[in-house]
Amino acid sequence: MTTMTETSARFREFKMPDVGEGLTEAEILKWFVQPGDTVTDGQVVCEVETAKAAVELPIPFDGVVHELRFPEGTTVDVGQVIIAIDVAPGSGDAPAPAAEPAQEPVAAASQGDGDAPKGRTPVLVGYGVAESSTKRRPRKGASAAPEAAAVAAAVQAELNGHAAPAAVAPAVPAQGGAPDGGRPLAKPPVRKLAKDLGIDLATVVPTGKDGIITREDVHAAAAPAVAPVAAPTPSQAAPEAPAAAVASASARETRIPVKGVRKAIAQAMVGSAFTAPHVTEFVTVDVTRTMKLVAELKEDKDMAGVRVNPLLIIAKALLVAIKRNPEVNAAWDEANQEIVQKHYVNLGIAAATPRGLIVPNIKDAHDKTLPQLAAALGELVTTARDGKTSPAAMAGGTVTITNVGVFGVDTGTPILNPGESAILAVGAIKLQPWVHKGKVKPRQVTTLALSFDHRLVDGELGSKVLADVAAILEQPKRLITWA
């Protein structure tokens, strides 16, 4: 018989770590292992999404996966055990997980019921095992599964616009999923789904084993209500109108839970917009010479292997403008009522990803040569597109560029990334009529917009920075003369 000490020594639990800076939770996006799989120290076992980024988690020891505590799609608090590893496989039969006992669900019998011994009532994963001396919950009989299937079929039939079999109507319990008026049985992800959809689990009809409410049950309860339809006579046809109405109603809106990166973005943007007094200035500039420089650099052997585009020149122009106007590169310390001048530039690049907008930054961008800056930009974009940007890559930014021009947009009024002093929006570069050397000619033109924190940056300073960027893009040789 395995003792508690031996069990503790044999099985090791891996808890959800704080993969960011003070984050409190993360969502399990994908498991790369399953119970029974062999894992080694450093092997990635799952991918999780925090409020900042998607991160792969490596396991810190060798062994065999014994149990996955949470399914994919579950939001888990930092510090909760997410996986149990058998570090000494083959040393004996593995005990059943505490949250999923091997024995049949047994509760203490009421007086006079000598067949049901007093015992422990198993509950769902994450809730432990509770001692119980109450009357056992009536177990489903042989007809329970067919009845549950009939109920599910009836719900589906209603949603499809067909008549529900009259025989299943009495099988719907009035108490929904609440056993004996108590707490409905459902796994944590199902409870969260019900909460997101605004569904009271006590009203949900369970179809899972032993009366457990499933995700399908919650979705069925969330579907638009349909009036009961009596079983049709042979001469009656099922009405089609209700089905169309249900489909139309369900297609009119989609509810998407706000979580992870998207939730963090929303909170940060609201905080920034209502904390820092924003000012935005605009300038339209002829960037024809910059576009010619981009074309020439693409053919330059010193730039081989790196991506050259207008954003590269714009980034370098902003870095030069900051060098000429260093006071713009600062942060506001509200607690100490101080302006913190930064003597380095961590250049943020806003990147749109399937999980939302993120702003990774190039560390010490001010020290990089043009080829080094191009390589860093390429790596940043690729990593963001693949969803592999780490929290560290998004921390410590000082100034940001957002390129709305890739969407064909002329310009915008960007909101500051929290903790930063300025953000430059780059509009679409278009061929437009422009007065050049006294004549109207077609030229490559774009509009720049610079938003800045007016506590740190006054109108004069902000205007100088924006004017410098525009001047460099109009005459890119200033990258050399002003550097």
Ignoring hydrogens and geometry, is there a side-chain-to-backbone donor-acceptor pair from [X] to [Y] under 3.5 Å?
X	Y	answer
Asp333	Asn336	yes
Thr446	Ala428	yes
Asn329	Ile322	no
His278	Leu416	yes
Glu281	Ala467	no
His366	Val345	yes
Thr398	Asn346	yes
Asp468	Ala471	no
Gln43	Ile59	no
Asp453	Glu420	no

Side chains of [X] and [Y]: does their closest heavy-atom pair fall under 4.5 Å?
X	Y	answer
Ile415	Ile423	no
Leu347	Asn361	no
Leu312	Met303	yes
Leu473	Leu448	yes
Ile313	Leu297	yes
Gln80	Phe70	yes

Ion pair check, [X] and [Y], cut-off under 4.0 Å:
X	Y	result
Lys292	Glu296	no
Lys430	Asp410	yes
Glu13	Lys15	no

field: Atom NZ of Lys342: over 12 foreign heavy atoms under 6.0 Å
entry: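 Yes - once you tally the heavy atoms of other residues, nucleotides and ligands closer than 6.0 Å, there are more than 12.
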message: I'd like to know whether CZ of Arg443 has more than 12 heavy-atom contacts from other residues, nucleotides or ligands below 6.0 angstrom.
response: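 Atom CZ in Arg443 is crowded, with more than 12 foreign heavy atoms closer than 6.0 Å.
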Taking atom [atom1] of [X] and atom [atom2] of [Y], what is their separation to the nearest 0.5 Å?
X	Y	atom1	atom2	answer
Ile472	Arg289	CD1	CZ	14.5 Å
Leu293	Gln475	CG	CD	11.5 Å
Lys464	Leu461	NZ	CG	7.5 Å
Arg69	Ile82	CZ	CD1	10.5 Å
Glu47	Phe32	CD	CZ	5.0 Å
Thr413	Phe282	OG1	CZ	6.0 Å

query: Should the pair Phe61 and Phe14 be assigned to parallel (<30°), tilted (30 to 60°) or perpendicular (>60°) ring geometry?
result: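 If you compare the ring of Phe61 with that of Phe14, the planes turn out perpendicular.
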- request: Using only heavy-atom distances, determine whether the side chains of Thr389 and Thr383 contain a donor-acceptor pair under 3.5 Å.
  value: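 Per modelled atom types, Thr389 and Thr383 side chains form no pair under 3.5 Å.
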- prompt: With Val469, which of Leu450, Leu424, Val320, Val285 fulfils side chain to side chain contact (heavy atoms under 4.5 Å, CB included)?
  reply: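 Going through Leu450, Leu424, Val320, Val285 one by one, the side chain to side chain contact (heavy atoms under 4.5 Å, CB included) with Val469 is satisfied by Leu424 alone.
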- request: State, to 0.1 Å, how close Pro206 and Ile213 come at their nearest heavy-atom pair, and which atoms those are.
  value: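 Answer, listing the atom of Pro206 first, then Ile213: CB-CG1, 3.8 Å.
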- prompt: Can you name the nearest heavy-atom pair linking Asp286 to Trp434, along with the distance?
  reply: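 Taking Asp286 first and Trp434 second, the nearest heavy atoms are CB-NE1, 3.7 Å.
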